Amino acid sequence: MPTGSPSCLWRCWCAGGPRSRKERGGAHWVGERHTRHLPVRHLRAARDRQRARRGPCRADAERAPGPAPGARRRPALPARAGPGRPWVRAGRGVPVSRPRPGPGRGGGGPAVCRCAALRRGHPGPRGDPARGRGRCPAGAGAAAAGRPAPASRPGRHRLPAAAGRHGRHAGARAAPARRGLTVPGGLPGALGLAVAEGRGVVVAPSGAVVVAPCTLGELVPRLRQLEQEQRPRWVWWQAGRDARPVVEAGVHLARCWDVAEVHRVLAGGLAADPGTVWAHLRGLDPAGVPQVAEPDLFALVSPAAQLDPETLTTADGHLRADAVQGSWITTPARLAAWARAALTAAEQQRAALAGAPRVPDSGGSPRDARRLLATALSESAAALLCVELEVHGLPIDRAAATALITAAAGPRPRDEAQASAIRAERDRAVLVHVPGRERTDLRNPLQVKEMLASVGVNVDNTRKWTLAAHRGSHPVVEALLTWRKAERVATTYGWHWLESHVGEDDRLRGAWTACDGGAGRMTAANGLHNLPAELRPAVAAHPGHVLVRADLGQIEPRVLAAVARDPAFADASQAADLYSPVAAELGVDRPVAKVAVLAAMYGQTSGSAGKALKRLDRAYPTAMAYLHRAYDAGVRGDAVVTWGGRRVPMWQGPLSEAQRAARGRFARNAVVQGAAAELFKAWAATVRAGGHPLGARIVLCLHDELLVHVREAHAEETVALVHRSLDEAAARWTGTHRVRFVADVSVVRRWSEAKA
DNA sequence: CACCGTGGCGCC
DNA sequence: AAAGGGCGCCACGGTG
């Protein structure tokens, strides 16, 4: 089946989707857009960018005079006053929301796929808004494809079998049986917090209201007081929705339980909206999760119309769709019910974690309830940290950024004419080497290929590493490579980037995700995770502050040593440079050992690492067996489970041998990269907690690197904190002291300084 | 005109 | 014999 064909798209979506771009046959989006329920922010951001260049699209014009872009969408349903004290009145009740667009995952509501975006905004191409190009995840698709709906995925085994069998009655069941329970019942100190439409509520596990529904202005001081007096564990559906307004108000919340993020641990994947989580906990078919109907089309037959207006769940036991979407939460009573439901979900999750069947994880050791709970807590903390990262932003030296961009992309153009003149000037430096071909469009790979062929450089593609081999053949090659770098900065990280993402307060902001659907890393938008090294001098502490820059050394092999429980590899981790003892053990040079270890974790079997890999197998059989088991599981299509207990599902479907091998490589890497991400988040959460009294704020997380922004006076304390936090987090997370983790920590003004 | 797929590339 | 993992972003050309 050709990749990119409609049936391929269909298959990818139904199957849970290939994670790797290569496995997708090079397609960028087949997986993400349709299988991972990408937050609309991606699509909205793309549209906004286009709009910035080309003006508003027709759909925008039709919506006008609707809410301004970035404004929170008002409920489309007529605001009906419920019992209690309704706060929604026609024409009033302006919600409190952050002024800038791009609310981030959870910030704009539950994660929804493109199809839902179509339903809400743009009609489908054939005027069929409900289906949206025929690949809507609402359920019809999966059934029609003759493939089991996501409900039958593994993962439900963590709930009692009866929950699934009894269907609609399952919702009434108590928490799952607590086999092997090692964690005391209940979430100590739990308080439910829900925020919607500028109002918030706090409820206790008993259901009692602790802070009655009130405006944010009234809520914030009460939260501060509770935080100070009780240090509660705040329980919410999703930090992006419930915690954001509180974080924006400047409140520091120490501990939390993020139902969405814990769901990602339990079930895997990215979809974690309340409706999906609820269905999962109740053993209900996720395909049956109610969707919000398009009001103007289906208002008369909307299931919501047949519901008791004050009941949170449908007859099937699902959460009502308009509650998940937010438009139902219009009264104090409903808001409190929403917060209580979060507490209920959290308690069920905790029980599911504690009572998890002791099936072997991909490394062969038993899943440990304590470890699972720790993962749930640090992933929750990461979700809150993500909100803080979005709200606080990364400090930028605007003058430095301006200078760097000018150097790479030329001066800020005053108008389109000047912009195109600058582009032409940049192009000329390349085209001057190919007389007679000055009309070549350097942004068109086909034309570039032809141009290169005309001067005797024949290449299959024009990628950087391909061209690099032809550097000596013709001067145009070098010029082209230089052009590419400049063009990169000019387009992606140029003036447009600076204006769109760096705020008046000189902070770079972008959306953060605590756990991607693949291996479990954090993700960030707007260049926060892929800022070119040449621009990093622009990331600088604000006056009176410094950046404490900490990065973990060789985290992935050390994590492998820990999770595989390989004694020999653990011994090697005692060295500050892990590759040195490995090289000695293998009898090869250090660079060879390094490549071999990395190749083992990434699944590479060819090239120069090949021979060293065999020796690696002999020297560290336990660690290598761990990787082999993950690979085999991936090839079979079985989900793998990371050390922290996070399930990583594999995409299904009829796959070629090569595609199954790719899935195996993905799985092999996922247990290492994913586990490293867990340790990283545990570390970050510890630093966050310890840094608060110092006024130290984490401003960037980059897979194995932390940037902490702190007043100069507290720099050294923060350095000590970062080291101490790593020791604590690693010991807690690995459950051993046998594996050593090291961090390189330095105090700098600019991110670019002091790279070890 | 908007959408989709793809080439290419930044970072870890 | 043998395709190294993950992410986000911008560009273009083709299509309906």
Side-chain angles (χ1 to χ4, degrees), chain A residues 3-6 8-9 19-30 32-33 38 42-43 45-47 49-51 53-59 114 118 122 124-126 133 441-449 461-467 481 484-485 487-494 496-497 510-511 513 516-536 551-552 555-556 595 598-607 609-610 613 634 657-659 661-674 676-677 680 701-705:
Chain A
T3 54
S5 71
C8 173
L9 297 180
R19 260 62 173 184
S20 133
R21 187 168 153 190
K22 173 176 284 187
E23 204 281 339
R24 293 193 298 268
H28 297 246
W29 292 105
V30 171
E32 291 93 337
R33 270 195 197 157
L38 258 203
H42 283 259
L43 308 156
R47 197 189 58 205
R49 278 193 303 274
Q50 298 235 334
R51 191 184 297 153
R53 286 195 295 270
R54 305 179 189 171
C57 67
R58 199 173 56 235
R114 204 188 116 60
L118 280 172
H122 299 266
R126 276 176 284 278
R133 283 209 186 270
D441 179 359
L442 295 177
R443 294 157 191 85
N444 182 332
L446 256 176
Q447 290 190 31
V448 170
K449 207 156 74 174
N461 58 62
T462 69
R463 290 172 193 168
K464 189 168 69 173
W465 48 91
T466 305
L467 293 179
L481 288 169
R484 282 260 174 85
K485 271 184 86 107
E487 177 76 0
R488 185 81 199 151
V489 173
T491 55
T492 306
Y493 307 103
H496 180 252
W497 169 82
T513 305
D516 66 63
R521 280 180 166 185
M522 296 170 79
T523 68
N526 298 346
L528 283 156
H529 269 184
N530 48 5
L531 198 67
E534 58 181 303
L535 290 186
R536 293 192 176 188
D551 70 293
L552 300 177
I555 180 177
E556 293 194 348
V595 169
L598 293 175
M601 293 185 301
Y602 288 166
Q604 183 184 0
T605 53
S606 65
L613 275 172
E657 207 58 38
Q659 287 171 324
R663 196 171 57 185
R665 289 193 297 276
F666 168 79
R668 180 198 322 240
N669 184 250
V671 294
V672 178
Q673 189 186 97
F680 177 84
C701 294
L702 193 46
H703 308 315
D704 64 350
E705 181 174 350

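Each chain gets a letter, A, B and so on, in the order its sequence line appears, and its residues count up from 1. FYI, side chains are in, hydrogens and waters are out, and symmetry mates aren't considered; it's all heavy atoms of this structure. Everything numeric in this text was worked out from a predicted model, so none of it was measured.
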Review point. Does any N or O donor sit under 3.5 Å from an N or O acceptor when you compare the side chain of A:Arg521 with the base of B:dC12?
Key: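 Present.
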
Review point. Checking only heavy atoms, does the side chain of A:Arg488 share a donor-acceptor pair with the base of B:dC9 at less than 3.5 Å?
Key: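 Looking at the base of B:dC9, it does pair with a donor or acceptor on the side chain of A:Arg488 (distance under 3.5 Å).
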
Can you check the [X] [atom1] to [N] [atom2] distance for me, whole Å?
X	N	atom1	atom2	result
A:Leu702	B:dG10	CG	P	16 Å
A:Glu487	C:dC9	CD	P	18 Å
A:His703	B:dC11	NE2	P	12 Å
A:Gln447	C:dG13	CD	P	7 Å
A:Leu528	C:dG8	CG	C1'	11 Å
A:Arg536	B:dG10	CZ	P	12 Å
A:Gln673	C:dG6	CD	C1'	4 Å
A:Arg463	C:dA11	CZ	P	19 Å

From the list [options], which nucleotide is the closest neighbour of the side chain of [X]?
X	options	value
A:Arg443	C:dA11, C:dC9, B:dG10	C:dA11
A:Lys485	B:dG10, C:dG4, C:dA11	B:dG10
A:Asn669	C:dG5, C:dC10, B:dG8	C:dG5
A:Gln604	C:dG8, B:dC12, C:dG4	C:dG4

Check your understanding: When you look at A:Asn461 and A:Lys449, which way does the side-chain contact (heavy atoms from CB on, under 4.5 Å) test go after all the steps?
Key -> CA-CA 7 Å; A:Asn461 58 62; A:Lys449 207 156 74 174; 5.6 Å; no

Looking only at side-chain N and O atoms, does [X] come under 4.0 Å of OP1 or OP2 in [N]?
X	N	value
A:Thr492	B:dC9	no
A:Arg665	C:dG4	no
A:Asn444	C:dG13	yes
A:Asn526	C:dC9	yes
A:Arg484	C:dC10	no
A:Lys464	B:dG10	yes

Practice item. Would you please determine if the base of C:dG5 is stacked by A:Tyr602, with stacking meaning a centroid separation under 5.5 angstrom and planes under 30 degrees? Key: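 Yes; centroid distance and tilt both under limits.
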
Hey, is the main chain of [Y] close enough, under 3.5 Å, to the side chain of [X] for a donor-acceptor pair?
X	Y	value
A:His529	A:His703	no
A:Arg668	A:Met601	no
A:Asp704	A:Asp551	no

Exercise for review: Search all heavy atoms of A:Leu481 against all heavy atoms of A:Lys464 and return the closest pair with its distance.
Suggested key: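 In terms of heavy atoms, the two residues are closest at CD2-CG, 3.7 Å.
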
Point to revise | Residue pair A:Asn530 / A:Tyr493, side-chain donor-acceptor N/O under 3.5 Å | key: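 Present: a donor and an acceptor within the cut-off.
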
Categorize [X] for me: base, sugar-phosphate, or nothing, with a 4.0 angstrom heavy-atom threshold over every strand shown.
X	answer
A:Leu446	nothing
A:Ala661	nothing
A:Ala524	sugar-phosphate

